> 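Once you've had a glance at the structure underneath, I'll fire off some questions.
In this text the structure is predicted, and so the values were computed from the model without any measurement.
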Amino acid sequence: MSENRVRFAPSPTGFLHVGGLRTALFNYLFASSTGGKTILRIEDTDQNRKVEGAVENLIESLAWAGIEFDEGPHAGGGFGPYIQSERLEYYKKYSDQLLDQKDAYRCFCTEDELKEMREQQLARKEDTRYDGRCRRLSEEEVSNKLEKGLPHVVRMKINHSKKEYIVDDIVRGEVRFRSDQIDDQVLMKSDGFPTYHLANVVDDHMMEITHVIRGEEWLPSTPKHIQLYEYLGWQVPKFAHLPLLLNPDKSKLSKRQGDVATEDYKSKGFLPEALINFVALLGWNTADDQEIFTADELKEKFTLERVGKAGAVFDLDKLKWMNQQYIRQKQSTELAALLNPYLPSEARTISEDQLFRIIEALKDYLVVLPDIAEKISLFTSDNPELQDLALAEQLKSETAQQVFSSFISNAEKEEKLSSENFGQVMKTVQKETGIKGKNLWIPMRIAITLMEHGPDLSTVVDIFGKEKCLQMVRKVLINP
Ligand code: GLU
């Protein structure tokens with residue numbers, strides 16, 4: 001059997017939409033899990049939507065996410081060029097062939113005519129579509145118009161003798177489309193550029209694509225594509241249309257409700273592994289609902305058969321949770337390097353050893369990398385302050401105050417303070433005051449770490465040492 005070949009075919013609009021990232025990932029995972037090849041193809045035939053630097057940006061974002069391509073504008077390969085604007089001759093060739101075969105026709109309708117057609121259809125409460133009037137032009141009429149140099153497009157003929165077109169989709173099964181509801185699609189525009197539909201089919205054929213894995217929004221175009229493959233006598237690839245991505249309120253994922261660019265997640269300090277793990281689960285799962293996957297596990301376990309039809313909700317809280325899991329799993333050295341760009345300048349004077357200990361203490365409390373800036377101030381500031389008024393209030397209770405003064409007098413007697421003797425000091429405080437359990441520990445934890453839930457108290461004591469611990473507790477003592 002020949003190898004699977006799949007492609008990710010973005011239009012370079014300026015950023016990589018997370019939906020695009022999901023499509024790229026599913027293509028990559030499918031190819032990886034079946035020993036196939038992944039191709040990157042840039043679909044830039046819409047000259048109006050061209051954005052400077054967009055291709056480089058796409059390639060960079062995909063590389064950041066760890067998605068690798070066997071072929072593409074940056075990777076080379078035997079089926080190039082991989083940028084559609086460099087392939088115009090092929091589209092012209094096949095458009096001419098379709099015209100010769102009378103499977104396509106020239107359409108001279110002007111913008112105004114098309115607009116009027118649409119308005120009349122709307123007034124009759126019909127669906128709007130091209131009514132095929134140029135399909136009926138005689139050869140003579142066509143050559144007259146051509147002689148006059150009238151601008152025109154090329155449209156494909158939908159075969160209305162077929163009642164319906166059937167798309168056999170790996171995700172959705174058999175999907176049927178009534179032929180009278182399918183437009184005679186424009187294949188070539190008047191500027192000589194192909195539309196997406198022609199270019200996509202020509203390239204998928206020429207690049208020997210076996211599986212077309214793409215977003216559900218392209219499903220209605222698929223019957224047209226199938227018809228083109230048939231007119232051109234080419235083998236139709238297999239199709240898999242991925243479910244829509246939704247906002248938590250089940251509307252289509254949109255910028256208005258949050259970030260949609262992969263780059264936004266990168267700059268907000270999400271780890272690529274976490275984002276990929278999260279995106280992999282947007283429409284796919286394993287039978288046992290596993291949540292955390294290594295990149296290798298994803299490649300091993302992914303199958304198109306387990307991609308669902310239902311829209312997949314983009315749940316930011318879940319992504320945050322996942323990011324936190326991935327940060328926790330990191331070794332201190334690697335994590336320190338990742339956190340480095342977010343460290344405040346005060347943190348740069350800390351010894352590497354000390355920095356690792358701090359990161360170790362804080363890493364369970366980081367959701368995204370930039371969180372380090374605020375969290376580390378406990379260790380880097382000369383005089384860290386308790387901001388939370390409710391917590392400050394707890395420290396004023398009589399028992400808390402007793403604990404503090406006993407702690408100060410006992411800790412002062414110690415030569416140094418670390419996790420080794422901290423427990424012992426606290427035991428003495430307990431004996432002296434008769435206060436134990438929560439009433440003993442919570443005020444101490446808040447006084448020293450400024451948090452009710454946070455890093456392990458004795459780890460913080462270790463990092464602080466005697467003087468800073470005493471300083472923190474003295475600060476909350478009301479009547480020293
Ligand atoms: N260029 C299309 C897009 O931007 C590709 C659709 C397809 O994969 O066929 O989504």
Side-chain angles (χ1 to χ4, degrees), residues 5-13 23 39-50 72-73 79-109 111 114 129-130 132 134-135 137 142 146 150-160 162 165 167 177 179 181-215 217-239 241:
R5 289 177 56 83
V6 295
R7 82 307 191 271
F8 174 51
S11 299
T13 51
T23 302
I39 290 118
L40 176 65
R41 181 173 74 225
I42 303 296
E43 301 209 327
D44 62 345
T45 55
D46 189 348
Q47 294 293 296
N48 299 325
R49 292 174 69 200
K50 250 190 156 162
F79 296 81
Y82 293 93
I83 299 187
Q84 287 188 328
S85 57
E86 295 171 18
R87 303 175 57 82
L88 299 181
E89 59 188 301
Y90 302 122
Y91 313 133
K92 166 96 176 59
K93 172 175 163 196
Y94 291 111
S95 165
D96 287 348
Q97 181 181 329
L98 290 165
L99 282 171
D100 286 349
Q101 291 174 194
K102 309 233 175 316
D103 291 325
Y105 58 95
R106 292 188 165 86
C107 168
F108 297 87
C109 291
E111 276 304 317
L114 294 173
R129 86 179 60 87
Y130 184 65
C134 286
R135 199 170 169 161
L137 291 176
V142 171
L146 284 179
L150 293 183
H152 64 274
V153 300
V154 176
R155 286 184 187 271
M156 71 180 289
K157 285 186 184 168
I158 290 299
N159 183 355
H160 294 297
K162 253 193 218 181
Y165 281 77
V167 176
F177 295 87
S179 71
Q181 292 185 337
I182 309 175
D183 233 337
D184 277 358
Q185 184 65 52
V186 174
L187 300 178
M188 283 294 238
K189 295 177 274 187
S190 52
D191 62 2
F193 275 84
T195 57
Y196 152 74
H197 304 276
L198 177 65
N200 192 268
V201 166
V202 167
D203 288 349
D204 282 348
H205 167 72
M206 292 183 71
M207 295 179 182
E208 297 181 7
I209 300 304
T210 57
H211 295 71
V212 170
I213 305 169
R214 62 185 171 197
E217 63 274 26
W218 300 107
L219 185 60
S221 302
T222 309
K224 301 171 192 173
H225 299 175
I226 292 177
Q227 182 64 76
L228 288 175
Y229 284 106
E230 286 174 1
Y231 283 152
L232 292 162
W234 295 340
Q235 190 180 344
V236 183
K238 294 199 164 63
F239 292 101
H241 287 91

> Output the distance between atom CD1 (Ile158) and atom CG (Asp103), rounded to the nearest 0.5 Å.
11.0 Å
> Could you check whether any side-chain heavy atom of Leu187 comes within less than 4.5 Å of a side-chain heavy atom of Tyr91, counting everything from C-beta outward?
no
> Considering residues at least two apart in sequence or located in another chain, which fulfil the ring-ring contact (aromatic ring centres under 6.0 Å, His included) criterion with Tyr196?
Trp218, His225
> Evaluate Arg7 against Phe79 for side-chain contact (heavy atoms from CB on, under 4.5 Å), listing each step before the verdict.
CA-CA 12 Å; Arg7 82 307 191 271; Phe79 296 81; over 6 Å; no
> To the nearest 0.5 angstrom, please state how far the CE atom of Met156 sits from the CG atom of Leu99.
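Nearest 0.5 Å value for the CE-CG distance: 12.5 Å.
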> Go through Tyr94 and Leu228 one step at a time and tell me if the side-chain contact (heavy atoms from CB on, under 4.5 Å) criterion holds.
CA-CA 10 Å; Tyr94 291 111; Leu228 288 175; over 6 Å; no
> Checking side-chain contact (heavy atoms from CB on, under 4.5 Å) for the pair Asp204/Val212: CA distance, chi angles, key distance, verdict?
CA-CA 8 Å; Asp204 282 348; Val212 170; 3.5 Å; yes
> For Phe8, check ring-ring contact (aromatic ring centres under 6.0 Å, His included) against everything at least two apart and list the hits.
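In terms of ring-ring contact (aromatic ring centres under 6.0 Å, His included), with neighbours along the sequence ignored, Phe8 is linked to no residue.
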> Find out whether Tyr229 and Pro237 are in side-chain contact, i.e. whether some heavy atom of one side chain is under 4.5 Å from a heavy atom of the other.
yes
> For Asp183, check side-chain hydrogen bond (donor to acceptor under 3.5 Å, both in side chains) against everything at least two apart and list the hits.
none
> What I'd like to find out is whether the side chain of Phe177 reaches to under 4.5 Å of the side chain of Val167, using heavy atoms alone.
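The answer is yes, as the side chains (C-beta and beyond) meet within the 4.5 Å cut-off.
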> Heavy atoms only: give me the nearest Gly132-Tyr105 pair and the separation to one decimal.
CA-OH, 4.0 Å
> Taking the side chain as every heavy atom from C-beta outward, state whether Val186 and Tyr130 have any atom pair closer than 4.5 Å.
no
> Does any part of the side chain of Gln227, heavy atoms only, come nearer than 4.5 Å to the side chain of Gln185, both counted from C-beta?
no
> Keeping Thr210 on the side-chain end and Arg5 on the backbone end, is there a donor-acceptor pair under 3.5 Å?
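Confirmed, Thr210 side chain pairs with Arg5 backbone.
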> Is there a donor in the side chain of Gln101 and an acceptor in the side chain of Tyr231, or the other way round, less than 3.5 Å apart?
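There is no such pair (donor and acceptor under 3.5 Å, judged by atom type) between the side chains of Gln101 and Tyr231.
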> Enter the distance from Phe239:CZ to Leu219:CG here, rounded to the nearest 0.5 Å.
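Between atom CZ of Phe239 and atom CG of Leu219 there are 9.5 Å.
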> With sequence neighbours left out, what residues match Asp96 under salt bridge (charged side-chain N to carboxylate O under 4.0 Å, His left out)?
Lys92
> Quick check: do Tyr82 and Ile42 have side-chain heavy atoms less than 4.5 Å from each other?
no
> Identify the two heavy atoms, one from Pro194 and one from Leu88, that lie closest to each other, and give their separation to 0.1 Å.
CD-CD2, 3.7 Å
> Determine the interplanar angle of the Phe108 and His152 rings, folded into 0 to 90°, and report it as parallel if under 30°, tilted if 30 to 60°, perpendicular if over 60°.
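Phe108 and His152: tilted rings.
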> Are the side chain of Ser190 and the backbone N or O of Val153 linked by a donor-acceptor pair below 3.5 Å?
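Such a contact is absent between Ser190 side chain and Val153 backbone.
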> Identify, with sequence neighbours excluded, every residue that meets side-chain hydrogen bond (donor to acceptor under 3.5 Å, both in side chains) alongside His211.
none
> Kindly compute the distance separating CZ (Arg49) from OG1 (Thr13), expressed to the nearest 0.5 Å.
6.0 Å
> How about CD on Glu89, more than 12 heavy atoms from neighbouring residues, nucleotides or ligands closer than 6.0 Å, or not?
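Yes, the 6.0 Å shell around CD holds more than 12 heavy atoms from other groups.
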> With Gln84, which of Asp44, Asn200, Asp203 fulfils side-chain hydrogen bond (donor to acceptor under 3.5 Å, both in side chains)?
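Of all the options given, the one that passes is Asp203.
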> Which residue in the set Arg155, Lys157, Arg135, Lys224 passes salt bridge (Lys or Arg N to Asp or Glu O under 4.0 Å) when paired with Asp184?
Arg135
> What distance do Ile182 atom CD1 and Ser221 atom OG have between them, rounded to the nearest 0.5 Å?
10.0 Å
> Holding to salt bridge (charged side-chain N to carboxylate O under 4.0 Å, His left out), I want the full list of residues that pass it with Lys238, two or more places apart in sequence or in another chain.
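Per chain and number, Lys238 pairs via salt bridge (charged side-chain N to carboxylate O under 4.0 Å, His left out) with no residue.
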> Would you check if Met188 and Leu198 make a side-chain contact, meaning some heavy-atom pair closer than 4.5 Å?
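Counting from C-beta outward, Met188 and Leu198 do come under 4.5 Å.
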> Are side-chain heavy atoms of His241 and Thr222 found at a separation under 4.5 Å?
yes
> What's the separation between atom CZ in Arg41 and atom OG in Ser11, rounded to the nearest 0.5 Å?
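Result: 10.0 Å between the selected atoms.
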